[in-house]
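Report on the following structure.
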Amino acid sequence: MVVGATLLASLPLLSPGLPDTHDGLFHLYRVQALADAVRAGCGYPRWFPDFAFGYGQPVLAFYGPGAYYQAVSLLLLGLAPVTAVKFSLVLGFLVSGLAAFGLARRSMGPWAAALAGAAYVLFPYRLADVYVRGAFAEHWGLALAALLLLATDRCRQRRGFDVLAPSVVWALLILTHNLTALMVAPIWALYILVLTGRRWRAAIRSMLALPVGLLLTAFYWLPIPFESRYVGLGNTFSTDAWSRYLVSGGQSLATDFVYRYFPEQGVAHPYPLGLTVVSLLAAALAVIGIAVWTGRMRERRLWVFLALAGGGWLLQLGLSAPIWRATPILGYLQFPYRLLGSFALAWAWILGRAAEVLPGRWIVTRRR
């Protein structure tokens with residue numbers, strides 16, 4: 001199911017060239033520039049000398065290089081630049097699905113977990129990242145976000161190696177898309193607290209993965225606060241951009257079941273929740289509600305994903321403006337719709353968990 005969803009999501013990449021997106025060409029040029037630097041013997045060029053009509057641009061002085069290195073590794077194996085970027089995007093879909101599958105598998109049987117993995121791949125905003133926004137780094141960042149929760153869940157009870165795998169994933173995430181890392185940090189902390197309960201030592205030990213990840217990536221992020229004013233980052237980056245994208249509840253929902261991507265979505269929200277997504281979520285919540293009410297489900301992880309889905313949607317709405325104002329660090333996300341990435345993971349997990357408790361011979365139920 002996950003591989004099938006990956007192939008389905010990747011079908012448009014079979015067309016010649018890159019998809020016509022907001023930022024896709026920028027990323028292609030950066031991949032080529034990084035490949036040129038690596039071939040010339042510079043493994044980590046913070047400056048791309050051929051950009052800006054030969055004046056150069058310090059791209060990697062502020063932008064995470066992780067997704068670029070992943071594509072460059074494919075390019076150096078002999079793939080053409082466009083093909084390498086496309087293959088990287090396909091791998092991003094696959095890693096997303098497998099990580100979401102593994103995370104769901106901690107709570108449910110294989111078929112329900114496979115449904116969750118496939119749903120995470122095919123969520124409309126995930127597709128919009130690739131085919132509308134051209135947000136290739138965020139595409140990989142959301143794949144690593146699911147992988148981070150999985151690594152934390154699997155390693156949280158192992159003594160001596162609790163933080164090793166999550167630390168590595170944290171480092172990859174920070175180097176790939178720092179804004180996704182910022183978004184995931186409180187989610188990750190909440191996930192640990194829910195899983196460990198009142199075992200504070202276990203929670204603190206698990207949370208050491210973040211500072212370790214930060215230490216591993218200090219060469220990238222530590223200069224940013226000191227150098228951002230010299231690269232003109234403040235001229236294009238605004239921490240109050242969120243105020244232009246909050247909408248009413250009705251304008252956050254698409255008006256038909258066939259999802260219509262930007263700019264033809266029909267409502268003010270650039271990437272609204274489609275009626276198919278909302279209908280599936282409502283049905284899943286009804287099934288889960290009955291299961292909880294009748295005592296068939298006692299799952300601590302459920303409350304994390306319910307909070308994640310509810311909070312992800314609430315922060316798209318105008319009524320959440322006081323929260324954005326009172327939490328200045330949220331402003332660094334720039335666009336509230338970035339939170340649809342975490343909403344997608346919660347939505348996928350909830351669908352899988354609902355499928356797990358449905359009666360019927362076609363649902364394989366297995367509890368851990």
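Only this structure's heavy atoms are used, side chains among them; waters, hydrogens and symmetry mates stay out. Since the structure is predicted, the reported quantities are computational estimates derived from the model, not experimental observations.
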Check against salt bridge (charged side-chain N to carboxylate O under 4.0 Å, His left out), Glu227 and Arg46: CA-CA 12 Å; Glu227 297 181 348; Arg46 302 180 73 236; 2.7 Å; yes
Indicate yes or no: at least one non-hydrogen side-chain atom of [X] is less than 4.5 angstrom from one of [Y].
X: Val95; Y: Trp140; result: yes
X: Leu142; Y: Glu138; result: yes
X: Thr180; Y: Leu144; result: no
X: Arg133; Y: Tyr271; result: yes
X: Gln334; Y: Arg338; result: yes
X: Leu315; Y: Ile323; result: yes
X: Leu340; Y: Gln316; result: yes

Plane angle bin for Trp242 and Trp324 - parallel if under 30°, tilted between 30 and 60°, otherwise perpendicular: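 Trp324 vs Trp242 ring planes: parallel.
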Parallel, tilted or perpendicular: ring planes of Phe335 versus Tyr337, cut at 30 and 60 degrees: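 The arrangement is parallel - the two ring planes meet at less than 30°.
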Taking atom [atom1] of [X] as the centre, does the number of heavy atoms from other residues, nucleotides or ligands within less than 6.0 Å exceed 12?
X: Asp256; atom1: CG; result: yes
X: Phe87; atom1: CZ; result: no
X: Leu11; atom1: CG; result: yes
X: Tyr261; atom1: OH; result: yes

ring-ring contact (aromatic ring centres under 6.0 Å, His included) involving Trp188 - partner list, sequence neighbours excluded: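 Counting only residues at least two positions away or on another chain, Trp188 forms a ring-ring contact (aromatic ring centres under 6.0 Å, His included) with Trp170.
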Check: [X] ring centroid to [Y] ring centroid under 6.0 Å:
X: His22; Y: Phe262; value: yes
X: Tyr44; Y: Phe219; value: yes
X: His139; Y: Phe93; value: yes
X: Phe343; Y: Trp313; value: no

Modelled atom types, side-chain donor and acceptor of [X] and [Y], under 3.5 Å:
X: Ser88; Y: Gln70; result: yes
X: Arg126; Y: Ser96; result: yes
X: Tyr63; Y: Gln57; result: no
X: Tyr68; Y: His27; result: yes
X: Asp153; Y: Tyr191; result: yes

Donor-acceptor under 3.5 Å (Arg296 side chain, Val357 main chain):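 Checked: pair present.
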Short N-O contact, Arg39 and Asp36, less than 4.0 angstrom: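 Yes.
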Test: Arg30 cationic atom under 6.0 Å from Phe48 six-membered ring centre, within 45° of axis: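 No, Arg30 does not lie over the aromatic ring of Phe48.
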From CG (Leu216) to CG (Leu175), nearest 0.5 Å: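 If I round to the nearest 0.5 Å, the distance is 9.0 Å.
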Separation of Leu122 CG from Thr6 OG1 (nearest 0.5 Å):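 Here the rounded value is 8.0 Å.
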